[in-house]
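Below, all heavy atoms of this structure are taken into account, side chains as well, without hydrogens, waters or symmetry copies. Below, chain A is the first sequence line, B the second, and so on; all start at residue 1.
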Amino acid sequence: MENMKRTVTCGNLRLADNGKIVVLNGWVHRHRDHGGIKFIDLRDRYGITQIVVDADSPDKLKAAAQDLKFEYCIAVKGKVRPRPESMKNTRMPTGEIEVQAEDIDILSRCDVLPFMIDEKSDAREELRFKYRYLDLRSFSMQRKIKLRHEVVFAVRGYLKDHDFYEIETPTLIKSTPEGARDFLVPARLFPGRFYALPQSPQLFKQILMISGFDKYFQIARCFRDEDARGDRQPEHTQIDIEMSFVSKDDIFAVLEGLFCHIFKEALSFELKIPFKRIAYNDAMNRYGSDKPDLRFQLYLKDFNEFADEGDFKVFKSVLENKGTIKAIVAPGCGSFSRKQISELEETAKIYGASGLAWMKVTEEGLEGGISKFYSSQADKIKTGLDAKPGDLILLAGSGWKKACTSLGAVRIKLAHILNLVSPDVFEFCWVTDFPLFEWNEDEKRWEAAHHMFTMPQEQYIKDMEKDPGKVKGDLYDLVCNGVELASGSIRIHDPGLQRRIFKIVGFSEEEAQRRFGFLLEALKYGPPPHGGIAPGLDRLIMLMAGENTIREVIAFPKNTQGVSLMDESPSEVDDEQLKELHIKVVRE
RNA sequence: GGGGGCGUGGCGAAGCUGGUUAUCGCGCCGGCCUGUCAAGCCGGAAGCCGCGGGUUCAAGUCCCGUCGCUCCCGCCA
């Protein structure tokens, strides 16, 4: 190897290097044998360089070249020369030159590949994950991993320049079973006791504020034992941030600056700041989602007034039950078939709507569907909903939230059908003023909508207990293109207020002590007002890379079952290991 | 926990209302070829159609079950 170590990479030779003797190390990406002459595309992380084995090469060299197969790892010594004018390849950066091989060393051989190493592998994900090391060799994966690296460095650079300290918090922590299910780790030295893997560094970062660290961040791995999705894995990475002596506007400003910097550094893309702000109620009412996709309009509209005056009994009874009727106008969709409409209805039903009513808009008035119940109000409805002849009005009536979200799903579906979603656009917005509590119908109690350490908005604090459902929190999400990118809040720093919150969510003093005692204790010692936010790194990279799953931007992801197909975790362990941990497996 | 989709040589797919020997592209093996860059041409090998059961004269195709993957609802403070 000593005299076959690379002197250049496969991406950096140019015409100016003409005549140089170089050594390249890399993988056989493609090889084309013309009998006399042979070409090898040699690949490394930096690019591809064409190697030529000339017809008049020594036999030993020709034999070595003959041997080469896909993905052999080789070293090539040779001379850089310009390609003949008509043979230049303008599609590759090194396309003006080639390296005339003088010596080829096979460093290692490669079995027949399970799939080709390609820009866009057509192998199914299952296989790509099993052979992730091969999958990661493709330029498209290398690009995404590089992007991730760039983003992480941009984050560190920006936050360091803004006086943040990067501080690590423990991975083995106390289980605080509220919210997501914890991953548990048995404690060998304490039979029957367990650590938990953090769902986020939440409590620790608050404690760091109490310690006076002022501005903290961490690229933190977070673990949640819940079902995975395209944008959810059992473990994911957050850019965890917390600050003292701030209001939400300060946090917004830091995040906007940070994201600007990230997009500029990693994508050379100028983000427009400040980001829009939308209150949770408005987001639900207009977009039918708390993570609205602002890349297209298609606003939801209120139909209560018309429903009240019309004769459609189903909607009347919705109103009597204090429900809401929402409408969406699908432009030019009056020609939709029954089938198309029923597909939209299926979408609404997935989100709990009992059905999707419709009316077609004509020059004369309204037609089809439930239009006969509204014939006398046709003009008023057309004006009120801003509907034009040829449009299709879709309606969902239900409880407010369900009506909004089910029609919100229809909105997204319509946008795709009508091709309204522009790619390469980043529409950011802050969603603010979330409710602090949500009623849990199953357990008949109030629970924290975000987490229990969120500050209620000032004006609600006094009478919080009277109607917890009305209380808005100092809570905010950062959303981009319909993806929830970050979630944060101003935290409670007053132990008394914290106790009132615990009480509303039905936590006894003892239970609060048992679970969060250390935080409550810490809050006694001069805690600063503080707040923070935690953007999800995987989702951010996913958006930046134009992917629709975070699995595409994680080097070694798990599948939707939480299984790592490459190392085959989770796996069974030896009885000996279990014994040491004082654990017995109960098989059902 | 629930619903939708998928599973066919190593890989990606086709295979209609059941009917000869399961098709195509890539890869693999052998041969030809001095300018390709997804090289080309000729020849060849390779399949228990995820698995189990059923219906039928006959099942890749229909039915039931099961496993795996995936999308979605629930869940995800």
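A donor-acceptor contact under 3.5 Å is formed by the side chain of R232(A) with the base of C76(B). Side-chain atoms of E85(A) and base atoms of G35(B) include no donor and acceptor less than 3.5 Å apart. For D227(A) against C75(B), a side-chain-to-base donor-acceptor contact under 3.5 Å is absent.
Summarising the geometry, the separation between NE2 on H34(A) and P on C32(B) is reported as 15 Å, rounded to the nearest angstrom. The NZ atom of K401(A) sits 10 Å away from the P atom of G74(B) (whole-angstrom rounding). The distance between atom CG of L134(A) and atom C1' of C11(B), rounded to the nearest whole Å, is 13 Å. In this structure, CE of M87(A) is placed 16 Å from P of A39(B), rounded to the nearest angstrom. Atom pair R30(A):CZ and G27(B):C1' shows a separation of 11 Å (rounding to whole Å applied). In this entry the distance linking CD1 of I48(A) with C1' of A39(B) reads 15 Å, nearest Å.
No side-chain N or O of Q513(A) forms a donor-acceptor pair with one of E509(A) less than 3.5 Å apart.
Comparing the C1' positions of C33(B) and G43(B) gives a spacing of 15 Å, expressed to the nearest Å. Nucleotides C28(B) and A39(B) are separated by 11 Å at their P atoms, to the nearest Å. G25(B) and A38(B) are spaced 12 Å apart, taking the C1' atom of each and rounding to whole Å.
Contact between the side-chain N/O atoms of N559(A) and the OP1/OP2 oxygens of C69(B) is found at a separation under 4.0 Å. In this model, the phosphate group of C73(B) is not approached by any side-chain N or O of K349(A) to a distance below 4.0 Å at OP1 or OP2.
Relative orientation of the F453(A) and H451(A) rings is tilted, given thresholds of 30° and 60° on the angle between their planes.
Nucleic acid contact for Y351(A): sugar-phosphate only, since backbone atoms but no base atoms lie under 4.0 Å from a heavy atom of the residue. When heavy atoms are screened at a 4.0 angstrom cut-off, R91(A) is found touching the sugar-phosphate backbone but no base atom. At a threshold of 4.0 angstrom between heavy atoms, the contacts of R445(A) with the nucleic acid are absent. Residue S200(A) is in base contact, counting any heavy-atom pair closer than 4.0 Å across all strands shown.
Pairing partner, G7(B): C67(B), with both Watson-Crick or wobble hydrogen-bond distances short of 3.5 Å.
Here the two rings, on F223(A) and H236(A), have centers that are 6.0 Å apart or farther.
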